[in-house]
Amino acid sequence: MSKFFALIPAAGSGSRMGNELPKQYLSLANQPMIYHALKTLCQTPEIARVFIVLAPSDHDWHQYDWSEFAEKLIVLNCGGATRAESVLNGLVVAQGECIVDANDWILVHDAARPCLSSSQLEKLINELADDEVGGLLAIPVADTLKRSNADTRIQQTESRENLWQAQTPQMFRYELLSKALTNTINITDDASAVEALGLQPKLVHSDAYNFKVTYPQDLALAELILKHRNAQ
Ligand code: CTP
Ligand code: MG
């Protein structure tokens with residue numbers, strides 16, 4: 001039986017957020033942002049362990065008490081210059097823990113997606129557990145899409161048919177993901193690396209709540225979602 005592991009790349013600086021503190025540590029619903037995704041992943045019974053990949057220069061992680069996750073959490077200080085490098089470094093170091101097999105599933109989840117829900121996570125695991133390739137949470141594009149020229153004038157309206165926005169977790173087997181990430185440069189998600197091998201990851205229908213906190217105004221929206229969920 002294949003096991004399930006989560007890996008959270010959290011070695012970014014959050015430059016688009018414009019705050020000196022990396023965005024994964026910004027306060028959100030009374031916790032550092034990263035706490036929320038960690039909690040959802042750690043409380044999911046299928047997930048055996050959760051690896052978190054920090055920048056080697058990270059001075060913030062140890063400012064907080066993470067003991068409630070001690071049973072599942074493994075901290076790796078091997079982040080790289082890009083998200084893909086952080087994930088790949090994490091995979092290499094995780095293998096040294098001797099608990100991950102080639103066929104085990106790795107669910108890569110952005111620290112900056114704090115509103116992942118347990119039900120979306122369960123859906124991803126259930127839909128892909130027997131899949132040959134793996135896949136990711138995603139949502140069909142809802143807005144009309146415009147392509148601009150250099151003067152921000154519309155050059156063309158693009159069809160949104162069959163277009164999806166990729167989210168995380170992205171779920172692939174250890175060996176396939178390691179091979180895929182070793183072979184690619186200039187990618188912003190794990191699925192693109194797998195696509196470059198000629199494979200077709202499966203899109204699992206998610207919802208807009210699992211958005212990525214990127215700009216300052218995203219924080220207030222994430223806070224609303226989490227507070228509403230916690231009050232239920
Ligand atoms: N990430 C990482 N290592 C990097 C860059 C990003 O582990 N060298 C992680 C981030 O910490 C985040 C996830 O990848 O959890 C998604 O990246 P993004 O939202 O782009 O975060 P940042 O790179 O930190 O933000 P920005 O691009 O605005 O600088
Ligand atoms: Mg980035």
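Computed from a predicted structure; not experimentally measured. All ligand and atom numbering here is 1-based and tracks the order in the structure.
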Assess the pair Y35 and F69: is the distance between their ring centroids shorter than 6.0 Å? yes
Side chain of Q24, backbone of A10: donor and acceptor closer than 3.5 Å? yes
Taking NZ, NE, NH1 and NH2 as the nitrogens, is one of them in D104 or K3 under 4.0 Å from a carboxylate oxygen of the other? yes
salt_bridge(E223, K227) N-O dist < 4.0 Å: yes
Near ligand 1, at a heavy-atom separation below 4.0 Å: residues by chain and residue number: P9, A10, A11, G12, S13, G14, S15, R16, K23, G80, A81, T82, R83, S86, D110, A111, A112, K212
Side chains of S15 and S13: do they bring a donor and an acceptor to under 3.5 Å? no
Between D110 and R83, does at least one N-O distance fall below 4.0 Å, as a salt bridge requires? yes
